[in-house]
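These figures come from a predicted structure and were not determined experimentally.
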Amino acid sequence: MLTATDFIPKKYTSTIENGNFEWSAPSNIALVKYWGKKDNQIPANPSVSFTLSNCKTITKLGFTKRYTSAPLSGTTAVFSFDLLFEGKPKEDFKPKIQKFLERIEIYLPFLKDYHFTIDTQNTFPHSSGIASSASGMAALAMNFMSLERALNPEMTAEYFYQKASFLARLGSGSACRSVKGNVVVWGNQANIEGSSDLFGVEFPYTIHDNFRNYQDTILLVDKGEKQVSSTVGHDLMHNHPYAERRFAQAHENLDRLISIFESGNIDEFIKVVESESLTLHAMMMTSMPYYILMKPNTLQIINAIWKFRSETQIPVCFTLDAGANVHVLYPENVSEKVLQFIQDELVVFCQNGQYICDEIGHGAIAL
């Protein structure tokens with residue numbers, strides 16, 4: 001089994017002066033939720049997600065070799081980078097990138113040898129509960145790995161993607177699920193071969209055609225900043241009265257999904273996914289301090305979905321991330337009816353009537 005030290009390079013066989021890479025990386029929506037973490041971004045429980053397609057971050061990395069002395073902070077050389085968001089300098093993002101570089105430097109020892117220009121943009125609202133940190137850190141990790149592959153051309157594709165996921169995790173835990181695959185597992189799970197706390201892996205078993213091209217329409221209930229960050233929320237699981245039972249439940253639900261994916265049983269899929277979603281928010285409401293990220297319109301949407309499903313027998317369900325927005329999940333073959341339902345009954349609960357139509361994707365793409 002791989003350990004973190006396996007991702008520390010021994011030496012590079014090539015050199016490169018300057019250049020640029022560009023990658024897009026998608027967000028993802030967890031079906032079994034990860035909530036709570038240990039040191040070094042290790043998850044307290046395993047998770048599994050659908051990779052999305054349209055909600056993504058596009059990041060261009062320019063790099064130039066530095067021959068002058070690196071700027072010093074005390075007696076330590078510091079990283080040199082400019083950060084642009086949608087083409088404009090974004091100073092308030094820089095501390096997060098600085099922290100990420102500090103975490104990954106041991107695994108990418110060339111980072112202080114270059115000046116980087118990081119130019120990034122999202123296709124969806126930042127910090128609104130659509131895991132923009134996941135797609136953003138995944139896209140950045142793919143770019144850094146492209147540079148490392150240029151320095152070490154013998155690198156295998158398997159190592160490239162594993163290490164990209166490993167690095168992305170150090171920036172944002174769920175980012176490791178945005179690198180490769182349409183259904184991705186992160187976290188050690190006894191019944192899933194190759195699963196790891198260190199990086200995400202493609203779900204290795206049969207997935208029934210019922211779950212191919214699954215649709216995710218994201219209803220933007222609240223596009224503003226969350227009042228409690230996911231980082232704070234994860235930390236509140238350390239002394240949570242229900243934490244251990246929650247972690248056990250996640251393992252149980254992931255086991256259930258293995259057979260559900262194989263059999264194509266959408267009714268059982270709905271039970272697991274909606275229960276996981278509500279459990280996530282129950283953990284927030286029962287932590288100390290406690291908080292609620294759902295909004296009144298979130299509950300209106302949930303109740304409308306339950307009523308519609310009961311009356312029509314159309315297998316549409318919901319899930320939530322750590323925010324107020326609602327992900328409406330449904331098979332491709334009922335898209336027309338579900339979209340009509342969304343337009344007729346749910347758009348009224350969205351901020352400015354906004355929603356995003358998405359579907360299962362395949363991971364990061366070099367541009």
Side-chain angles (χ1 to χ4, degrees), residues 1-16 19 21-28 30 34 40-43 46-53 56-57 59 61 100 103-111 134-207 212 254 257-258 261 360-367:
M1 182 177 287
L2 285 172
T3 66
T5 55
D6 291 313
F7 293 117
I8 299 175
K10 293 176 175 61
K11 65 177 182 177
Y12 296 127
T13 58
S14 295
T15 59
I16 184 168
F21 299 104
E22 187 171 17
W23 282 83
S24 75
S27 184
N28 64 77
Y34 132 73
N40 299 317
Q41 298 284 93
I42 297 298
S47 58
V48 63
S49 61
F50 279 157
T51 308
L52 298 181
S53 180
K56 59 192 175 186
T57 298
T59 298
L61 180 74
F100 179 50
R103 282 179 175 171
I104 67 174
E105 185 193 9
I106 187 174
Y107 307 107
L108 298 177
F110 59 79
L111 287 175
S135 56
M137 289 299 177
L140 188 53
M142 299 308 295
N143 279 296
F144 283 139
M145 282 307 298
S146 292
L147 178 50
E148 183 169 69
R149 185 166 55 184
L151 297 170
N152 181 20
E154 297 81 22
M155 183 185 296
T156 66
E158 180 183 30
Y159 180 88
F160 175 86
Y161 282 104
Q162 282 182 341
K163 184 168 179 178
S165 180
F166 170 84
L167 296 174
R169 189 198 93 241
L170 294 173
S172 170
S174 56
C176 73
R177 300 191 309 247
S178 285
V179 168
K180 191 171 189 285
N182 45 31
V183 179
V184 180
V185 176
W186 171 39
N188 281 323
Q189 176 78 357
N191 294 346
I192 297 183
E193 187 178 341
S195 60
S196 173
D197 287 342
L198 298 180
F199 47 82
V201 300
E202 293 185 77
F203 183 78
Y205 306 130
T206 302
I207 298 177
R212 303 287 177 187
L254 188 44
L257 277 179
I258 294 172
F261 280 140
I360 286 185
H362 303 287
I365 299 170
L367 302 176

**Student:** Could you check whether any side-chain N or O of Arg169 sits under 3.5 Å from a backbone N or O of Asn40, counting only pairs where one atom can act as donor and the other as acceptor?
**Tutor:** yes
**Student:** Do Pro46 and Asn188 have side-chain heavy atoms sitting under 4.5 Å apart?
**Tutor:** no
**Student:** Can you name the nearest heavy-atom pair linking Gly136 to Thr57, along with the distance?
**Tutor:** N-OG1, 3.4 Å
**Student:** Working to the nearest 0.5 angstrom, can you tell me the gap between Ser178 OG and Lys56 NZ?
**Tutor:** 13.0 Å
**Student:** At their closest point, which heavy atom of Trp186 faces which heavy atom of Pro43, and how far apart are they?
**Tutor:** CZ2-CD, 3.4 Å
**Student:** Tell me whether the rings of Phe261 and Phe50 are parallel (<30°), tilted (30 to 60°) or perpendicular (>60°).
**Tutor:** tilted
**Student:** Hey, mind stepping through Ile258 and Phe203 against side-chain contact (heavy atoms from CB on, under 4.5 Å) and telling me if it holds?
**Tutor:** CA-CA 9 Å; Ile258 294 172; Phe203 183 78; 4.2 Å; yes
**Student:** Quick check: closest heavy atoms across Ala30 and Arg177, and the distance to 0.1 Å?
**Tutor:** CB-NH2, 3.5 Å
**Student:** Answer yes or no: is there a donor N or O on one side and an acceptor on the other, between the side chain of Arg149 and the main chain of Ala157, under 3.5 Å?
**Tutor:** no
**Student:** Return yes if some donor-acceptor pair links the side-chain N/O of Asp6 with the main-chain N/O of Thr3 below 3.5 Å, else return no.
**Tutor:** yes
**Student:** Hey, is CD on Glu193 packed in by over 12 heavy atoms from elsewhere, all under 6.0 Å?
**Tutor:** no
**Student:** Taking all non-hydrogen atoms of both residues, which atom of Ala175 and which atom of Ala134 are closest, and how far apart?
**Tutor:** CB-O, 3.2 Å
**Student:** How many angstroms lie between CG in Leu2 and CZ in Phe199, if you round to the nearest 0.5 Å?
**Tutor:** 5.0 Å
**Student:** Quick one, Phe7 and Ile106 - any side-chain contact, counting heavy atoms below 4.5 Å?
**Tutor:** no
**Student:** If you measure from CG on Leu257 to CG on Asn191, what distance do you get to the nearest 0.5 Å?
**Tutor:** 12.5 Å
**Student:** Please check this pair: side chain of Ser165 against backbone of Val179, looking for a donor-acceptor N/O pair closer than 3.5 Å.
**Tutor:** no
**Student:** Do the non-hydrogen side-chain atoms of Trp23 and Leu61 ever get within less than 4.5 Å of each other?
**Tutor:** no
**Student:** Please report the closest heavy-atom contact between Ser195 and Ile192, naming both atoms and the distance.
**Tutor:** OG-O, 2.9 Å
**Student:** Hey, would you say the Phe144 and Phe21 ring centroids sit under 6.0 Å apart?
**Tutor:** no
**Student:** Between Val184 and Asn28, is there a side-chain heavy-atom distance shorter than 4.5 Å?
**Tutor:** no
**Student:** Report the distance from atom OG of Ser146 to atom CE of Met155, rounding to the nearest 0.5 Å.
**Tutor:** 9.0 Å
**Student:** Atom NZ in Lys180, atom OG1 in Thr51: separation rounded to 0.5 Å?
**Tutor:** 11.0 Å
**Student:** CG of Leu198 to CG of Leu167: how many Å apart, nearest 0.5 Å?
**Tutor:** 11.0 Å
**Student:** What closest approach, in Å, do Lys163 and Pro9 show between heavy atoms, and which atom pair accounts for it?
**Tutor:** NZ-CD, 3.9 Å
**Student:** Looking only at atom types and distance, does a side-chain atom of Tyr12 sit under 3.5 Å from a main-chain N or O of Ala150, one as donor and one as acceptor?
**Tutor:** no
